[in-house]
There are 2 protein chains.
Amino acid sequence: MNFSEVVQQWIDDYLVNFLPSVSLDLVIFGFHEGQLKVLLLRFNESEDWLLPGGRVGNRENLDDAADRSLRERTGLDRLFLQQFHTFGNLNRLTYFSWHETLSRLGMKEMAVRLLEGDSALKNHRDVSVGFYALVDYTQVSPTPDLLTDECRWWDIDQVPQLLFDHNAMIRMALKTLRRQLSYQPIGYNLLPDSFTMSELQSLYETILGRSLDRRNFYKQLMNYNVLDRLDKRPTIPSSKAPYLYRFNKERYEQLLDSEDFWIG
Amino acid sequence: MNFSEVVQQWIDDYLVNFLPSVSLDLVIFGFHEGQLKVLLLRFNESEDWLLPGGRVGNRENLDDAADRSLRERTGLDRLFLQQFHTFGNLNRLTYFSWHETLSRLGMKEMAVRLLEGDSALKNHRDVSVGFYALVDYTQVSPTPDLLTDECRWWDIDQVPQLLFDHNAMIRMALKTLRRQLSYQPIGYNLLPDSFTMSELQSLYETILGRSLDRRNFYKQLMNYNVLDRLDKRPTIPSSKAPYLYRFNKERYEQLLDSEDFWIG
DNA sequence: TTTCTGTGCGTACATTTGACGCAATACTAC
DNA sequence: GTAGTATTGCGTCAAATGTACGCACAGAAA
């Protein structure tokens, strides 16, 4: 099956089984070696990158569709996943439009058929619900989809020019994430099961983009009462072993519930 | 034209000119006599109330569609209007479903045709983007639409059981509004052009649901540097005339920009 | 004049936040 | 053992912020 046929099959499939006009995009954040990362896809046979997305099944909840899409891209389930904005401007898809994209990909015929024929797709654009997710970098198996060749992590500050309005989406998701971080302990899903205090602090510093005082950070986190201390980690020679911590899930979710502000 | 024909025309119209699957709902807040109010519509020939809504034109920005819908309902333009959540659960429309609603309205035939026929509406439900708006109560001319008989203000704490998930929407909008209020001066659009300090304070107290110290409130607001003091208001006998204030629009928008957190 | 109500300070106290000192704790290397 | 290194868990202090409240004064009416 060549690429044109793949695209056609994808279109046929979505016309029948998914809501028209609505899509969703995922800003999937990971954290590794002191760097905040975001998962991107590379469009088939091109150098154009974009955010993973998805569509909503006819008989599927919006949130479930986001869950499913996240699972398909990362192999992970039941993660921190939250709506942050819904994008519905006309120029979403005309700035770097599908038409232009497909043309650049040498798919002029498809482009014409998609956008100038009398199909249901004429004059069409999606309203897209943006979600952001926090995942454990080490647990993820990045998986491309039908229309993409490659799926991999990018450092947040080295993200290239993306298709559509996806750069703006990332900026907005990051803004939301930062704000949220100052309200509630995030990080449950961004770190491995257990971690040291300085790893957690490094995560916070990376997200917030500024450095924090170690001692104040320690006090704050302990005040939340959300961390369980485990055994020490055997480490590199010639130093004291740092303690490992784990989020207390019960308490963690209690905190999210009490202060969460857009899941009613 | 009887009601069935009206509904049919509405459906035909929307199938051709508007995005399928996407709608929007408006939580329009007003303020009058110490009460926070919300604008509701009464469904034709029934006692069922619901939020004003709208659809997005094929060639229309999402935000513009919200603007337009707000204008159609209130006669007002360019107001504080902000997305707060997108609702996409399947049970949105089945809890008090259209089917049930239409049946109760004696429109069994229409109900069957809508939901069990082989039309494009079978198994259909919308993903709806929720916006909330702050408007000047005194400037609004509530206007029903095609499907509704009546449009009027309700006290926020006396809102009846609404159709669909609209009660939940109001709760969520109010939550967002409260949170936003503690970040930035809101009120520009909820009050007449000029107002006294105690009117403004009363607005804050109503939204926040607790009373504030007059002197501290005064100091805070003056610190924002967002109010211009005008002449005194000639008032009721036997007291000093209170000053009138007006928001300094330039400074007001500057504040919104600096701290705004989900309009990127 | 007195009696209202609104206006614009100032003051006092508790809480929160940020910066930082320091001693105790392990662990390795010698 | 001792020296060296990094983690850990306090404590302190000043600045900023939030909250409660006292008070003198300004105008307008009786």
S.K.: Got a list of protein N/O to nucleotides 17-23 of chain D N/O distances below 3.5 Å?
M.R.:
residue	atom	partner	partner atom	Å
D:dA20	N7	B:N216	ND2	2.9
D:dG22	N7	B:R215	NH1	2.6
D:dG22	O6	B:R215	NH1	3.4

S.K.: Can you tell me the distance, in whole Å, between the CZ atom of A:F217 and the P atom of D:dT8?
M.R.: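 After rounding, the gap between these two atoms is 12 Å.
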
S.K.: Can you classify the ring geometry of B:Y132 versus B:F80 as parallel (below 30°), tilted (30 to 60°) or perpendicular (above 60°)?
M.R.: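 Aromatic pair B:Y132/B:F80 classed tilted.
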
S.K.: Separation of A:F195 atom CZ from D:dT8 atom P, in whole Å?
M.R.: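 After rounding, the gap between these two atoms is 12 Å.
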
S.K.: In whole Å, I'd like the distance from the CG atom of B:L244 to the C1' atom of C:dT7.
M.R.: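 After rounding, the reported distance stands at 14 Å.
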
S.K.: Which distance, rounded to the nearest 0.5 Å, do you find between the CZ of B:F31 and the NZ of B:K37?
M.R.: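 Going from CZ on B:F31 over to NZ on B:K37, the span is 10.0 Å.
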
S.K.: For A:L227 versus A:L200, what's the shortest heavy-atom pair and its separation?
M.R.: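 Closest pair (atom of A:L227, atom of A:L200, distance): CD1-CD2, 4.1 Å.
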
S.K.: How many whole angstroms separate atom CE of B:M197 from atom P of D:dA26?
M.R.: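 After rounding, the reported distance stands at 19 Å.
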
S.K.: How close or far is atom P of C:dG18 from atom CG of A:N223, stated in whole angstroms?
M.R.: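 Whole-Å distance recorded here is 13 Å.
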
S.K.: Between atom CD in A:E199 and atom P in D:dT7, what is the gap in whole Å?
M.R.: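 From A:E199 CD to D:dT7 P: 11 Å.
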
S.K.: Nearest nucleotide by nearest heavy atom, which residue falls closer to the 5' end of DNA chain C, B:M222 or A:L212?
M.R.: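 Result of the comparison: B:M222.
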
S.K.: In terms of the angle between their ring planes, are A:F217 and A:Y204 parallel, tilted or perpendicular, with boundaries placed at 30° and 60°?
M.R.: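 Judged by the thresholds at 30° and 60°, the geometry between A:F217 and A:Y204 is perpendicular.
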
S.K.: Could you tell me which residues satisfy ring pair (Phe, Tyr, Trp, His ring centres under 6.0 Å) with B:Y137, sequence neighbours excluded, listed by chain and number?
M.R.: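 Once residues adjacent in sequence are excluded, the partners of B:Y137 under the ring pair (Phe, Tyr, Trp, His ring centres under 6.0 Å) criterion are B:H32, B:W153.
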
S.K.: What pairs with B:Y245 under ring pair (Phe, Tyr, Trp, His ring centres under 6.0 Å), at least two apart in sequence or on another chain?
M.R.: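 B:Y245: no ring pair (Phe, Tyr, Trp, His ring centres under 6.0 Å) contacts found.
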
S.K.: Just the rounded figure in Å: distance from P of C:dT5 to OH of B:Y243.
M.R.: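 For the pair B:Y243 OH and C:dT5 P, the rounded distance is 18 Å.
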
